Asker: 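Dropping a structure here in structure tokens format, bear with me for questions.
Below, chains carry the letters A, B, ... as their sequence lines are ordered, and counting in each starts from 1. Values reported hereafter were calculated over all heavy atoms of this structure, with side chains retained and with hydrogens, waters and symmetry mates removed. The shown structure was predicted, so the numbers you read here are calculated from the model rather than taken from an experiment.
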Amino acid sequence: MTRGARKEGLSRRHRFAGRGAFVSALRSPRKLRGASSILHVLAGRPGQSRFGLALPKRIARRAVDRNRMKRLAREAFRRHAVKAAGLDLVIAGRQPFSRNEESRWVAEVRGLLDRVAGER
RNA sequence: GAAGCAGGCCGGACGGUCGCCGUGCCGCAGUUGCGGUGCGGAGGAAAGUCGGGACUCCACAGGGCAGCGUAGCGGGUAACUCCCGUCCGCCGUGAGGCGAGGAUCAGAGCAACAGAGACGAGCCGGUUAAGUCCGGGUGAAACGGGCAAUCUCUACGCGGAGCAACACCAAAUAGGCAGACGACGACGCGGCCCGCCGAGUCUGCGGGUAGGUGGCUUGAGCGCCGCGGCAACGCGUCGCCCAGAGGAAUGACCGUCAUAGCCCGCAAGGGCCGUAACAGAAUCCCGCUUACAGGCUUGCUUCACAC
């Protein structure tokens, strides 16, 4: 069994597959509030956390900004220890995002992931 | 040299580490996969979705009406509301710019203010043989026309929906159809056989959802050169293959060098900042429109200076 993911990889195993796969995580009672977003947590497959983002157009009108947020958040998850915790994680954006907040957004995502990792 | 006009082009480069998507090869795994390695991986607008096509499915004898679109003339194109040439009108000293630029003896309609009267001819004053001639403050326009982006007429064009199109594969659940079995159940007055009904069980079939695959990137393609053409563009030789995701990859970090900006210096130069505007492919093309830090470049105009 060569299941072992590479140390810093982030492939499809760590994503949600299929339409509506987010829904169960979004309905989960475990939530962590950040400054501009909410992290939903649900128990998933052991050893492989999954990570997803729900960013409505309301938060970032332009496609570039939404892409940017996703990429930055994924990068944070990729390097984070929760990746092996076996949790389904979905970050739902709440507050509008503007372009000069990139570093703030990364810090927020890291903070949320730290809190989940610390809780267990 | 200073102002300006019209185009064309670029819109960081190189390297390293860690990742993501696609794909060729190799190895492992009876498949899904996993690992290694090579190669490819956002834009000039990918945007708005405004015109036009290709491609699918649906509809369709032929013709007309209605509706919509276009409008000097000629050309280009698969096609267009696009592009090129040219005429006319207006604007500009000029290079140039702008223009829905066919028709109002086929017909209808034309606001407000002013004015006696506004699309109909009459009215008022003077004059004459005679509606014969002259004038009428106003107003953009007053007897003669104007407006067709008001309807209309003429000519030409136009079927509808869209890749979430469409084609194929295909769980689970509910229901449909067919067949088999079928309770010590119902009916044939009772029992057995038999027939028939039958909850249910099994099998098969078809529709169909989730899901999957195809469509999906080689094309009105790109580059060089030659030829034809004032040009748009066309033809030909040779070379090239240039993203294909799918809740949606193209990212993060770090060096070096250049660019803009800022500071020091007479200068050579040094230092600071740290990649910068608009913005992220979604079936594919041709256009148009809109957004845009900074930079390169071609032709031309006017003015000034010099010879």
Asker: Looking at B:rU152, which nucleotide sits across from it as a Watson-Crick or G-U wobble partner, both distances under 3.5 angstrom, or is there none?
Answerer: B:rA103
Asker: Who passes side-chain hydrogen bond (donor to acceptor under 3.5 Å, both in side chains) against A:R94, sequence neighbours left out?
Answerer: none
Asker: Can you check the distance between B:rU37 and B:rG19, where both ends of the measurement are the P atom (answer in whole Å)?
Answerer: 11 Å
Asker: With nearest nucleotide decided by heavy atoms, which residue, A:K70 or A:E102, maps closer to the 5′ end of RNA chain B?
Answerer: A:K70
Asker: Tell me the partner of B:rA114, counting only Watson-Crick (N1-N3 plus N6-O4 or O6-N4) or G-U wobble (N1-O2 and O6-N3) with both under 3.5 Å; none if nothing fits.
Answerer: none
Asker: Provide the Watson-Crick or G-U wobble partner of B:rU77, both distances under 3.5 Å; none if there is no partner.
Answerer: none
Asker: Could you check how far CE of A:M69 sits from P of B:rG251, rounded to whole Å?
Answerer: 17 Å
Asker: Please state the C1' separation for the pair B:rA232 and B:rC82 - nearest whole angstrom.
Answerer: 11 Å
Asker: Polar-atom pairs under 3.5 Å, protein N or O versus N or O of nucleotides 278-281 of chain B: list them with distances, or write none.
Answerer:
unit_1  : atom_1 : unit_2 : atom_2 : d
B:rC278 : OP2    : A:R99  : NH1    : 3.1
B:rA279 : OP2    : A:R62  : NH1    : 2.8
B:rG280 : OP2    : A:V64  : N      : 3.4
B:rG280 : O2'    : A:N67  : ND2    : 3.4
B:rG280 : N7     : A:R71  : NH1    : 3.3

Asker: Excluding sequence neighbours, so at least two apart, what forms salt bridge (charged side-chain N to carboxylate O under 4.0 Å, His left out) with A:R110?
Answerer: none
Asker: Can you check whether A:L87's main-chain N or O pairs, donor with acceptor, with A:S49's side chain at less than 3.5 Å?
Answerer: yes
Asker: Rounded to whole angstroms, how far apart are CZ on A:F51 and C1' on B:rG247?
Answerer: 14 Å
Asker: Listed by chain and number, what are the side-chain contact (heavy atoms from CB on, under 4.5 Å) partners of A:L39, not counting sequence neighbours?
Answerer: A:L32, A:V41, A:L89, A:I91, A:L112, A:V116
Asker: Give me the distance, rounded to whole Å, that separates B:rU17 from B:rC166 when you measure between the C1' atoms they each carry.
Answerer: 47 Å
Asker: Quantified in whole Å, what is the C1' atom distance between nucleotide B:rC286 and nucleotide B:rA45?
Answerer: 16 Å
Asker: Whole Å only: how far is the CZ atom of A:F77 from the P atom of B:rC20?
Answerer: 12 Å
Asker: For B:rA252, which nucleotide in any strand shown is its Watson-Crick or wobble partner with both distances under 3.5 Å?
Answerer: B:rU17
Asker: Between B:rG48 and B:rA279, how far is it from one P atom to the other, in whole Å?
Answerer: 11 Å
Asker: Quick one: side-chain hydrogen bond (donor to acceptor under 3.5 Å, both in side chains) partners of A:R71, sequence neighbours excluded?
Answerer: none
Asker: Does A:A35 have any side-chain contact (heavy atoms from CB on, under 4.5 Å) partners at least two apart in sequence or in another chain, and if so, which?
Answerer: A:R104, A:E108
Asker: Would you check if A:L72 and A:E102 make a side-chain contact, meaning some heavy-atom pair closer than 4.5 Å?
Answerer: yes
Asker: Send over the distance from A:R74 CZ to B:rC20 P, rounded to a whole Å.
Answerer: 12 Å
